[in-house]
Amino acid sequence: PTRPDERVLHDVSFEVKKGERVAIIGPSGSGKSTVMQLLLRFYDPQAGEILVDDLAITKVDPRALRARVSFVPQDSTVFGASIAENIRYGNPDASDAQMHAAAEQAIVDQFVMQWPEAYDTRIGERGITLSGGQRQRVGIARAVMQSPALLLADEPTSSLDPKSSVEIMALLQRIGQERAIPVIVNMHDVELAKRFADRIVGM
């Protein structure tokens, strides 16, 4: 916004099909995050258009668009509440059964059910009691709670160790397959992208 005459993206064009997993790779500053921000309609393109189900997103209420798109950031924000409450932020009206189903799909139940208070466990400010991989799983469960038509992840493994990175990418891959939704992930790791993606877009 502060440099309206400077283009971030030039001649970027690609299509993502239902159930397809696409990795966007490139160095810092190449425009990967801008693609995410455009898809979430934080900005509108100055030229060209973005279509979802053949409808230009500039013609859609941003709230209606974002209700159908789930976003997993680099480091999922968690709050000083219980695991259940953190997951429910994705859909405050969800039933216990829906919350548990989302937690199971994001493999949160694997570590939560080992704790005495299970889903009622309070995790401290900013999730201080959780590892980075556990925080990301909670964030993914929250995203799943929205029943999205599109799942976006912006470098979700950037702060994780290699083992956790592989687990998170495999998790996103499985969710896309099970729900038959497109998954678009920004990342730096080309080898991990090759393992995860049906297609790689280089920026």
Side-chain angles (χ1 to χ4, degrees), residues 12-25 32-42 45 49-77 86-95 97-110 133 135-158 160 165-187 189 192-201 203:
V12 175
S13 178
F14 62 94
E15 181 179 351
V16 184
K17 299 175 183 177
K18 184 173 288 189
E20 188 177 21
R21 299 173 303 278
V22 173
I24 302 177
I25 64 170
K32 300 189 304 298
S33 292
T34 299
V35 170
M36 294 283 178
Q37 291 164 355
L38 287 168
L39 285 167
L40 289 164
R41 210 178 162 198
F42 293 159
E49 60 183 358
I50 300 168
L51 304 176
V52 176
D53 293 334
D54 296 323
L55 182 66
I57 65 172
T58 52
K59 298 178 180 177
V60 178
D61 184 323
R63 289 171 296 184
L65 174 70
R66 292 169 194 154
R68 302 201 65 203
V69 179
S70 286
F71 179 67
V72 179
Q74 290 186 26
D75 188 9
S76 291
T77 300
N86 269 280
I87 294 173
R88 272 208 174 88
Y89 282 124
N91 180 2
D93 298 323
S95 65
Q98 289 172 309
M99 185 274 294
H100 288 143
E104 287 174 12
Q105 193 163 34
I107 322 180
V108 172
D109 59 320
Q110 282 193 359
R135 279 198 304 274
Q136 285 300 68
R137 289 187 194 183
V138 170
I140 292 169
R142 184 187 300 155
V144 167
M145 285 287 282
Q146 289 181 244
S147 297
L150 171 64
L151 179 60
L152 306 177
D154 191 6
E155 300 191 28
T157 64
S158 62
L160 304 181
S165 295
V166 170
E167 290 173 350
I168 291 299
M169 293 305 298
L171 176 56
L172 292 172
Q173 182 183 47
R174 184 165 57 82
I175 288 171
Q177 289 173 331
E178 291 177 355
R179 291 182 170 252
I181 59 173
V183 179
I184 304 175
V185 181
N186 283 349
M187 55 198 311
D189 190 329
L192 194 56
K194 288 178 180 177
R195 292 180 60 177
F196 156 76
D198 298 311
R199 190 152 48 97
I200 295 174
V201 175
M203 301 289 284

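When a residue number appears, it is its place in the shown sequence, counting from 1. All values derive from a computational prediction rather than experimental measurement.
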Q) For Asp189 and Phe196, what are the C-alpha separation, side-chain angles and deciding distance, and is it a side chain to side chain contact (heavy atoms under 4.5 Å, CB included)? A) CA-CA 11 Å; Asp189 190 329; Phe196 156 76; over 6 Å; no
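- Here the closest heavy-atom approach between residue Met36 and residue Leu152 is recorded as SD-CB, 3.5 Å.
- Salt-bridge check for Arg68 with Asp53: passed, with a basic side-chain N closer than 4.0 Å to an acidic carboxylate O.
- Minimum interatomic distance between Ile140 and Leu172 (heavy atoms only, all atoms of both residues): CD1-CD2, 3.9 Å.
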Q) Passes side chain to side chain contact (heavy atoms under 4.5 Å, CB included), Met203 versus Ile24? Steps please. A) CA-CA 7 Å; Met203 301 289 284; Ile24 302 177; 3.4 Å; yes
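- Here the straight-line distance linking atom CD of Glu20 with atom CD of Glu15 works out to 8.5 Å at 0.5 Å rounding.
- Here the CD1-CZ distance, from Ile57 to Arg66, works out to 9.5 Å after rounding to the nearest 0.5 Å.
- Between Val16 and Arg199, the closest heavy-atom pair is CA-NH2, 4.0 Å.
- Side chains of Arg137 and Glu167 form a contact here, defined as non-hydrogen atoms less than 4.5 Å apart.
- For the pair Phe71 and Arg142, the minimum side-chain heavy-atom distance is 4.5 Å or more.
- Distance CD1/Ile184 to CG/Leu151: 9.5 Å, rounded to 0.5 Å.
- Side-chain contact check for Asn186 versus Ser33: some heavy-atom pair is nearer than 4.5 Å.
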Q) Please walk me through it: do Met187 and Lys32 pass side chain to side chain contact (heavy atoms under 4.5 Å, CB included)? A) CA-CA 8 Å; Met187 55 198 311; Lys32 300 189 304 298; over 6 Å; no
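- Closest approach of Glu104 and Asp109 over heavy atoms only: CA-OD1, 3.5 Å.
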Q.
Run Val69 and Leu40 through side chain to side chain contact (heavy atoms under 4.5 Å, CB included) and show every step you take.
A. CA-CA 7 Å; Val69 179; Leu40 289 164; 3.8 Å; yes
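- Heavy atoms from other residues, nucleotides or ligands lying under 6.0 Å from CZ of Arg195 number 12 at most.
- To the nearest 0.5 angstrom, Arg21 atom CZ is 11.5 Å from Ile181 atom CD1.
- Pro148 and Val144 make their closest contact through CD-O, 3.9 Å (heavy atoms, listed as atom of the first residue, atom of the second, distance).
- Proximity of Ile175 to Gln105: side-chain heavy atoms (C-beta onward) are separated by under 4.5 Å at one or more points.
- The structure places CD of Gln177 at 5.0 Å from CD of Gln173, a figure rounded to the nearest 0.5 Å.
- When all heavy atoms are compared, the tightest approach of Ser70 to Ala143 is OG-O, 2.7 Å.
- Atom CG of Leu192 is separated from atom CD1 of Ile25 by 11.0 Å, given to the nearest 0.5 angstrom.
- Among residue pairs with one or both ends in residues 143-154, none qualify as salt bridge (Lys or Arg N to Asp or Glu O under 4.0 Å); sequence neighbours excluded.
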